[in-house]
Amino acid sequence: MSLTKAERTVILSMWDKISAQADAIGTEALERLFASYPQTKTYFPHLDLRPGSAHLRVHGAKVVAALGDAVKSIDNIAGALAKLSELHAYILRVDPVNFKLLSHCLLVTVASHFPADFTADAHTAWDKFLSIVSCVLTEKYR
Amino acid sequence: MVHFSAEEKTAVTSLWGKVNVEEAGGEALGRLLVVYPWTQRFFDNFGNLSSASAIMGNPKVKAHGKKVLTSFGDAIKNMDNLKGAFAKLSELHCDKLHVDPENFRLLGNVLVIILASHFGKEFTPSVQAAWQKLVAGVATALAHKYH
């Protein structure tokens, strides 16, 4: 699965708007993840995950920054996220099912903030992009 | 069995009251077919599904989407007994329609995304959580009679 030219264009054009609110979007996506899928909190016993917490903001910002790296190297996402891929495989070992859950919450967040931009085609592009990111992050698992 | 708290029921029903079922149904089914094109396998007789705009404008997609979401409205009236409410539909989807239950999960999540885009800030994390519980409950209920 790879992104078409049109899909890359959609993502790049929306990214400016998204990165302008990067921290808020990352934080909100995580809040949604922990509210809808409380089992995902088991990966963060060391953090204060209550809505509004500084930990949540810092981590949300990290997640969106990483997505930004992938967007900036959209032709070579595997290269851009190589280090993160190793981190997830050898240190974090987050079960692969959870990438779908976070991806879904990111889509919900983007849809709620940018409804006019989030057309069916944009929805497809983002769903694909996040699937590719998830694949890259789990590809060294075994 | 899924149990909904009073808050969760309120989160669902208060939002549902503001949903245009015809519009949202068409949008939900349309997006399912656009974003996950393999789901088109169930709709060979729907005519032109060749592009996002063809799908989103297709009258058969809109009509069927309305039917599906109207049925979802019945779920909301029976949140305490989803399995009972969907028993017959479950048999239909297994025996006659041959639909993989994974498709119910996909459609449920597309519906959640559409609600987010319609309601914006109002679709808070806790409102979303109630809806995720509902769509998961509906998907499970629809799969319950499979054999």
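For clarity, every value in this text was computed on a predicted model and none was experimentally measured. Chain identifiers are assigned alphabetically (A, B, ...) following the order of the sequence lines, protein sequences preceding nucleic acid strands; residue numbering begins at 1 within each chain.
Sparse packing is recorded around NZ of K100(A), with 12 or fewer heavy atoms of other residues, nucleotides or ligands lying under 6.0 Å away. Heavy-atom neighbours of E22(B) CD from other residues, nucleotides or ligands within 6.0 Å: at or below the threshold of 12. Atom NZ of K145(B) is surrounded by 12 or fewer heavy atoms from other residues, nucleotides or ligands within 6.0 Å.
Distance check, rounded to the nearest 0.5 Å: OG of S126(B) to CZ of R32(A) gives 9.0 Å. In this structure, CG on D127(A) lies 9.0 Å from CG on L106(B), to the nearest 0.5 angstrom. Distance check: N109(B) CG to S36(A) OG gives 9.0 Å after rounding to the nearest 0.5 Å. Between the CZ atom in R105(B) and the NE2 atom in H104(A) there is a gap of 13.5 Å [rounded to 0.5 Å].
Following chains of ILVMFWY side-chain contacts shorter than 4.5 Å, one can reach L67(A) starting from L92(A), so the two form part of one hydrophobic cluster. No continuous path of hydrophobic side-chain contacts links V58(A) to V63(A) [ILVMFWY only; heavy atoms under 4.5 Å]. A single hydrophobic cluster is seen to contain both F72(B) and L92(B), as judged by linkage of ILVMFWY side chains at heavy-atom distances under 4.5 Å, directly or through other members. In the hydrophobic clustering of ILVMFWY residues, with side-chain heavy atoms under 4.5 Å counting as a link, V64(A) and F44(A) come out together. Residues L30(A) and V97(A) are members of separate hydrophobic clusters, defined by side-chain heavy-atom contacts under 4.5 angstrom among Ile, Leu, Val, Met, Phe, Trp and Tyr.
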- Message: Could you walk me through whether V34(B) and H123(A) satisfy the side-chain contact (heavy atoms from CB on, under 4.5 Å) test, starting with their C-alpha distance in whole Å, then the side-chain angles of each, then the deciding distance to 0.1 Å, before giving a yes or no?
- Response: CA-CA 9 Å; V34(B) 170; H123(A) 181 167; over 6 Å; no
- Message: Using the rule given for side-chain contact (heavy atoms from CB on, under 4.5 Å), can you reason through M56(B) versus T119(A), listing the C-alpha separation, both sets of side-chain angles and the distance that settles it, and then say yes or no?
- Response: CA-CA 10 Å; M56(B) 301 308 286; T119(A) 61; over 6 Å; no
- Message: Would E31(A) and T124(B) count as a side-chain contact (heavy atoms from CB on, under 4.5 Å) here? Give the steps.
- Response: CA-CA 9 Å; E31(A) 272 179 27; T124(B) 63; over 6 Å; no
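Contact of F119(B) with chain A is not made at all, since no heavy-atom distance falls under 4.5 Å. Residue F34(A): no heavy atom, backbone or side chain, is found under 4.5 Å from chain B.
Shown here for A35(A) and P125(B), the closest heavy-atom pair between the two residues is CB-O, 3.8 Å. Among all heavy-atom pairs drawn from D121(A) and A52(B), the shortest one is OD1-CB, 3.2 Å.
Looking only at heavy-atom pairs under 4.5 Å with chain A, the residue among R31(B), K133(B), H118(B), Q132(B) that has the most is R31(B). Ranked by heavy-atom pairs under 4.5 Å with chain B, the list C105(A), P115(A), A111(A) is led by A111(A).
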